[in-house]
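One structure below.
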Amino acid sequence: FDGFGNIYDVYFQQQALSSHIGSQINKVMPLGITPVALVVWFPFAYVARFNMALSYTLWVAFSIGLLFSALWRIGRYVFKNKKPQLLPIALSLIAVCSVTTVATILLGQTSLLAIGLLIHLIFYSYKVANQSKSANLVPILLLIFILGIKPPYIVLGLGLLIIYGMWREAFYSLALVIFVFIGITPMLTTEWVHSYLNLLQMYSRGNIPDVYACSIVPITMNIFRSAFKNFIGDNIAALISNVVTYSVYIVVVGFCLLSKIKGKSIDQLSLLSVTKAQLFVVLIASYLLFAPYANFCEDLLLICVFAMVLLYGDTPRLTNYKSLVLIIIFFPIILHRFFPPDKSLWLFWILKAIMLGYIFKFCRFPPEGKKSVT
């Protein structure tokens, strides 16, 4: 475009989209991405000046490449160093080959990119924890920086680092993202901060202006708010969602801080019998179940949970009835958007909660038998 501005301003979005389309556009999509996206997307935007189709193809290829490189990396390690768990492998294959993944690719959603980055971060944290050595800061900075493309993604990434006691890495990563925010502000004007915070409040409170309403479809979201607003009202459902989401993260960070003060691994604290893997599952679950806004593409973040189970899990055999039940439950969860819309969204939400509860149980023990991971 001919100059930047406050990209979170509705008028700017309408003008930019109208200029690109060649006709007046009034309805637009709210930008949930942070200014980090402008840095990450810069090479793709440059290509788009000459060929939009090529730019889009490169972006999708980049996202898919990160995802499959992460799956390949963790799969190769598991098959080489331990007995692989077939259940998380089967669930991952179902998710990757699902219609939801195809739709996510066609829409160019950031979900696939986030999954790949989080799995790389999971594997990296796992290796550091088991080898008991200092982490290389550079790859962590890069992973967290790109996860900074959206608030929920960077929160999950920083949460993972904190769970593994990598406070220094989390601090430097967050500092890098803030530095980029400050550096890009002169291009966007300082108004972007106020506009973006208002936009985030719109997501959490649900006060969707008409100009954005066509792009947010609650019946496609398998979250608490969509599932139970018909029973308890949207305001109460939104309040519960916000309280649970923020409370879970505060409790997890507080528990990790307690383990650091006591100088013990999370697995060794007697306060709660939980493992690092379980705490990460709790973070993912709080987002996928209670996020005020998380579209159907976000359910693919379950692949990150499956990757964690593959490293840490103690799952039943694939032919066990529990495994079969879990696989059967997973199908309506990952495909719920393609079922006829009705008032039974609560059923899909309950199924997802049951599945995450089972996975939490599977991560009960750390790797190498039941020994603690330091």
Side-chain angles (χ1 to χ4, degrees), residues 61-98 101 104 110-133 135-136 138-144 146-147 153 156-161 163-166 169 267 275-285 288 298-318 323 326-327 330 334 355-356 358-360 362-369 373:
F62 175 64
S63 302
I64 295 175
L66 267 175
L67 172 60
F68 279 94
S69 66
L71 293 175
W72 173 261
R73 186 182 184 191
I74 200 170
R76 184 177 64 176
Y77 174 84
V78 168
F79 277 93
K80 183 179 179 180
N81 294 279
K82 56 183 295 188
K83 183 179 179 181
Q85 305 279 333
L86 295 182
L87 178 59
I89 294 175
L91 292 171
S92 298
L93 288 175
I94 293 172
V96 170
C97 299
S98 68
T101 299
T104 303
T110 55
S111 305
L112 294 181
L113 177 73
I115 296 167
L117 293 169
L118 284 172
I119 293 177
H120 275 296
L121 196 61
I122 288 170
F123 182 71
Y124 194 82
S125 302
Y126 173 87
K127 294 271 289 193
V128 169
N130 282 276
Q131 294 176 2
S132 299
K133 65 178 183 180
N136 186 350
V138 175
I140 292 179
L141 285 175
L142 183 60
L143 291 171
I144 295 294
I146 302 178
L147 283 170
Y153 300 157
L156 292 174
L158 292 174
L160 180 65
L161 294 181
I163 287 171
Y164 277 86
M166 302 165 70
E169 291 79 2
D267 319 290
T275 63
K276 296 180 177 72
Q278 285 182 318
L279 285 182
F280 182 71
V281 172
V282 168
L283 284 185
I284 291 281
L288 294 183
E298 304 293 283
D299 282 339
L300 291 174
L301 286 170
L302 284 167
I303 299 175
C304 300
V305 178
F306 302 152
M308 186 67 82
V309 174
L310 193 60
L311 289 172
Y312 286 89
D314 182 19
T315 63
R317 295 171 63 89
L318 190 60
S323 298
L326 205 60
I327 290 174
F330 185 49
I334 203 67
M355 182 173 189
L356 285 165
Y358 261 105
I359 292 175
F360 179 84
F362 293 156
C363 293
R364 178 176 299 172
F365 304 114
E368 310 300 334
V373 181

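If you read the sequence from its start, that first residue is 1, and numbering goes on from there. Treat the numbers as computed from the prediction; the structure is a model and nothing was measured.
- Residues satisfying the side-chain hydrogen bond (donor to acceptor under 3.5 Å, both in side chains) criterion with Arg317, sequence neighbours excluded, are absent altogether.
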Inset, instruction - Could you walk me through whether Val78 and Leu311 pass side chain to side chain contact (heavy atoms under 4.5 Å, CB included), step by step? - result: CA-CA 7 Å; Val78 168; Leu311 289 172; 4.0 Å; yes
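- Under the rule for a side-chain hydrogen bond (donor to acceptor under 3.5 Å, both in side chains), Ser63 has no partner lying at least two apart in sequence or in another chain.
- Here Ile119 contributes atom CD1 and Ser92 contributes atom OG; the two are 7.0 Å apart, rounded to the nearest 0.5 Å.
- A ring-centre distance under 6.0 Å is found for Tyr126 and Tyr312.
- Every residue meeting the side chain to side chain contact (heavy atoms under 4.5 Å, CB included) condition with Ser323, not counting sequence neighbours, appears here in chain and number order: Leu87, Pro316, Asn320.
- Separating the OG1 atom in Thr275 from the CG atom in Asp314 is a distance of 11.0 Å, to the nearest 0.5 Å.
- Judged by distance alone, the side chain of Ser69 and the main-chain N or O of Gly65 form a donor-acceptor pair under 3.5 Å.
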Inset, instruction - Dump the intermediate steps for side chain to side chain contact (heavy atoms under 4.5 Å, CB included) on Leu71 and Val96, then the final yes or no. - result: CA-CA 10 Å; Leu71 293 175; Val96 170; 4.0 Å; yes
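- Take Leu141 and apply the side chain to side chain contact (heavy atoms under 4.5 Å, CB included) test, not counting sequence neighbours, and it matches Leu137, Tyr172, Ser173, Leu176.
- Among residues two or more places apart in sequence or in another chain, the ring-ring contact (aromatic ring centres under 6.0 Å, His included) test is passed with Phe123 by Tyr77.
- Note that the CG atom of Leu161 and the OG atom of Ser125 stand 5.5 Å from one another [nearest 0.5 Å].
- Interatomic distance, CG of Asn81 versus CZ of Arg76, reported as 10.0 Å (0.5 Å rounding).
- For the side chain to side chain contact (heavy atoms under 4.5 Å, CB included) test, residues two or more places apart in sequence or in another chain that qualify with Phe62 are Phe44, Trp59, Leu66, Leu113.
- Closest of all the heavy-atom pairs between Pro84 and Ile89 is CB-CD1, 4.2 Å.
- Taking Leu142 as the reference, Ile146 meet the side chain to side chain contact (heavy atoms under 4.5 Å, CB included) condition, with sequence neighbours excluded.
- Separating the CG atom in Leu112 from the CG atom in Leu301 is a distance of 9.5 Å, to the nearest 0.5 Å.
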Inset, instruction - Go through Met308 and Leu160 one step at a time and tell me if the side chain to side chain contact (heavy atoms under 4.5 Å, CB included) criterion holds. - result: CA-CA 11 Å; Met308 186 67 82; Leu160 180 65; 4.0 Å; yes
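- Looking only at side-chain heavy atoms (C-beta outward), Leu279 and Tyr164 stay at 4.5 Å or farther from each other.
- Taking CG from Leu310 and CG from Leu86, the interatomic distance works out to 9.5 Å, rounded to the nearest 0.5 Å.
- Here the closest non-hydrogen pair linking Cys304 and Ile122 is O-CD1, 3.6 Å.
- Across all non-hydrogen atoms, the minimal contact from Leu283 to Gly159 is CD1-CA, 3.9 Å.
- Between Ile334 and Ser98 the shortest heavy-atom distance is CG1-OG, 3.9 Å.
- Under the 4.5 Å side-chain criterion, counting only non-hydrogen atoms from C-beta, Val282 is not in contact with Leu356.
- Among residues two or more places apart in sequence or in another chain, the side-chain hydrogen bond (donor to acceptor under 3.5 Å, both in side chains) test is passed with Thr104 by none.
- A 4.5 Å side-chain heavy-atom check between Leu121 and Ile144 finds at least one atom pair inside the cut-off.
- Of the N and O atoms on the side chains of Glu298 and Tyr153, at least one donor lies less than 3.5 Å from an acceptor on the other residue.
- Among residues two or more places apart in sequence or in another chain, the ring-ring contact (aromatic ring centres under 6.0 Å, His included) test is passed with Phe306 by Phe330.
- You'll find the side chain of Leu318 reaches within 4.5 Å of the side chain of Ile327, heavy atoms only.
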Inset, instruction - Take Gln85 and Val309 through the test side chain to side chain contact (heavy atoms under 4.5 Å, CB included) and record every step on the way to the result. - result: CA-CA 8 Å; Gln85 305 279 333; Val309 174; 5.5 Å; no
